[in-house]
There are 2 protein chains.
Amino acid sequence: MKASKIPAATITRLSIYSRALENLLTQGGAPVVSSKRLAELCGVNPAQIRKDLAYFGQFGVRGVGYYIKELLFDIRKILGLNKDWNLAIVGMGNLGCALVAHQNFAKQGYRFVCAFDADPNKIGHKLATGLEISPVQDLIEVCRETKAEIGVICTPPERAQEIANRFYQVPVSGILNFAPVQLQTCEGCKIENVDFTVKLDNLAYYLSMS
Amino acid sequence: MKASKIPAATITRLSIYSRALENLLTQGGAPVVSSKRLAELCGVNPAQIRKDLAYFGQFGVRGVGYYIKELLFDIRKILGLNKDWNLAIVGMGNLGCALVAHQNFAKQGYRFVCAFDADPNKIGHKLATGLEISPVQDLIEVCRETKAEIGVICTPPERAQEIANRFYQVPVSGILNFAPVQLQTCEGCKIENVDFTVKLDNLAYYLSMS
DNA sequence: CCTGCTATGTGCCCAGAATCACAATGGTAG
DNA sequence: CTACCATTGTGATTCTGGGCACATAGCAGG
Ligand SMILES: NC(=O)c1ccc[n+]([C@@H]2O[C@H](COP(=O)([O-])OP(=O)(O)OC[C@H]3O[C@@H](n4cnc5c(N)ncnc54)[C@H](O)[C@@H]3O)[C@@H](O)[C@H]2O)c1
Ligand SMILES: NC(=O)c1ccc[n+]([C@@H]2O[C@H](COP(=O)([O-])OP(=O)(O)OC[C@H]3O[C@@H](n4cnc5c(N)ncnc54)[C@H](O)[C@@H]3O)[C@@H](O)[C@H]2O)c1
């Protein structure tokens, strides 16, 4: 598939473009946007946008620009957001609960279909969304029942690998990992790490430079 | 300064190396580590590690490897983590509270010195750490009093720019932004975005490809 | 003291990504 | 119908970053 030829950075930017387009839509205004204007909103080079889109086809009208609504639809389709995705989350602590409570995910088509914790006090507890916390021992079984496709790890770092291994057995096809460890990968399962500390460290570096 | 010649990716990796080194330290074992072993732990190429470090000097012993404790110290110094950093946080909702409750930040020398919200019900409330939530109107004043250096934005996206503008006035020298918007930048203030949705979108793309 | 081994430090090369610049083209106005 | 304008789509160019491979240097053992 041509997928392999497309830079990862392009995919990340597509996601950012889609958010800017959503904002333009809700704000109303002209139904078209030029690559120049969109570039300003996203903080990138206009040619970059045109080239990113060119990987997937032709979406604009020369001399006019891009029809916002159509482009948004096309980008979401490229990103695979024209379907809902089922998420399983493990570790219902501070962060885990914040994620499940977050509205935007549902709006984008990401649904939490099961939640797990190891703490007996939490198991059985119902979250605001109606989701009930299951014991982590049942992870594989429940994930299969609920057809989870993406796993989200919010446990302490020393438990993360063990949870990942179980996800591999389900199997899920992707993992979003919030624990600050480098997970061992597994054929057929794509991992994305979200790491706040790394971002803070970056800031610290640049600030102590200047 | 030579800073500008160093790839941003290098700084990010340094942060990851430092975490791996911390793990090695607490686990005990040999006091030295080779670039090969460290590379395995971090999921990168050994030459990459040596090259990253070479930007800043010579830290290893040929034929032996790197002394873990010393290297960790040196990397933390490079990253500017040999001092504490004062953080100001705005928006004490689900995410904001999770961040303040998080132990790791304090361990790394990141201290929350003030917290703000617009909700009258939250103002005056004391967090577990003893930190009291201040009204967002007082942001500039309180940030100056508490010597905040880095701002953390956890408000809804439509409020984020307005908060950033106030941070610019303090001024803080860096902002960690969790709201899914592209903030307008300001000379002298470095911005880092943490964006979960983008990561999920990346997953969605790769999963719908294969 | 000398020899051999091992892992670092680094010059060189290659790949991929960002930017530039221009030709192609749809829309519009006269 | 024609000519002009604005903005896209894309080939060419530049630049940055990653990986290879080897020379270099410290250590250990005899
Ligand atoms: N909270 C933050 O702001 C923040 C920031 C950066 C990184 N993180 C990382 O995110 C993760 C979670 O952070 P948190 O603040 O929510 O921690 P937390 O302690 O509030 O929550 C951890 C949860 O995981 C559960 N758990 C522990 N072991 C488990 C297991 N084996 N199986 C299933 N569940 C288990 C615990 O019962 C608890 O509910 C940690 O790895 C942390 O380092 C958190
Ligand atoms: N919770 C998540 O998992 C998650 C994930 C991705 C992104 N985000 C983003 O992080 C931000 C916060 O998310 P959350 O889940 O904590 O939302 P939340 O609604 O729980 O909290 C938002 C808080 O901001 C406060 N606030 C609103 N306007 C304010 C203002 N002008 N000044 C100061 N405070 C103000 C509110 O009173 C509230 O306490 C949002 O931008 C959200 O999109 C959150």
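In what follows, every chain begins at residue 1, and chains take the letters A, B, ... in the order their sequences are listed.
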Between the main-chain N or O of A:N193 and the side-chain N or O of B:K199, is there a donor-acceptor pair closer than 3.5 Å?
yes

Considering residues at least two apart in sequence or located in another chain, which fulfil the side-chain contact (heavy atoms from CB on, under 4.5 Å) criterion with A:L25?
A:I68, A:K69, A:L72

Students should find that the nucleotides of DNA chain C closing off the region near chain A, any atom under 4.0 angstrom from a heavy atom, are C:dA17 to C:dG27

Does B:Y17 use its side chain to pair, donor to acceptor, with the backbone of B:I75 at less than 3.5 Å?
no

Test your reading of the model: is there a side-chain donor-acceptor pair from B:Y110 to the backbone of A:D201, 3.5 Å cut-off?
yes

Just jot down the salt bridge (Lys or Arg N to Asp or Glu O under 4.0 Å) partners of A:R37, sequence neighbours excluded, or say none.
A:E40

Whole angstrom value for the distance that separates P of D:dG11 from OH of A:Y55
12 Å

For each nucleotide in nucleotides 24-30 of chain D, reading 5' to 3', give B when a protein heavy atom comes within less than 4.0 Å of its base, S when such contact involves only the sugar-phosphate, and - otherwise.
BBBS---

Return no unless some side-chain N or O of B:R50 is found under 4.0 Å from OP1 or OP2 of D:dG19.
no

Side-chain heavy-atom pair A:Q182, B:L41 within 4.5 angstrom cut-off
no

Would you please test A:Q169 and A:N165 for side-chain hydrogen bond (donor to acceptor under 3.5 Å, both in side chains) and show each step?
CA-CA 7 Å; A:Q169 286 175 53; A:N165 293 340; over 6 Å; no

Contacting residues from residues 29-49 of chain A, given that a heavy atom lies under 4.0 angstrom of DNA chain D
A:S34, A:S35

Atom of A:L139, atom of A:F116 and distance for their closest heavy-atom approach
CA-CE2, 3.5 Å

Rounded off to whole Å, could you give me the CG-to-P distance for the B:D52 and D:dT16 pair?
17 Å

Most 5' of A:A9 and B:G65 on DNA chain C, judged by nearest nucleotide:
B:G65

Can you pull out every salt bridge (Lys or Arg N to Asp or Glu O under 4.0 Å) where at least one residue sits in residues 19-29 of chain A? Sequence neighbours excluded, please.
A:R19-B:D195, A:E22-A:R76

Can you check whether A:V172 reaches A:I150 side chain to side chain, under 4.5 Å on heavy atoms?
no

Are the side chain of B:Q161 and the backbone N or O of B:Q184 linked by a donor-acceptor pair below 3.5 Å?
yes

Could you state the atom-to-atom distance from NZ of A:K51 to P of D:dT14 in whole Å?
14 Å

Would you mind reading off the distance between A:L71 atom CG and D:dG9 atom C1', rounded to a whole angstrom?
14 Å

Could you tell me the separation between the CG atom of A:L53 and the P atom of D:dT10, rounded to a whole number of Å?
11 Å

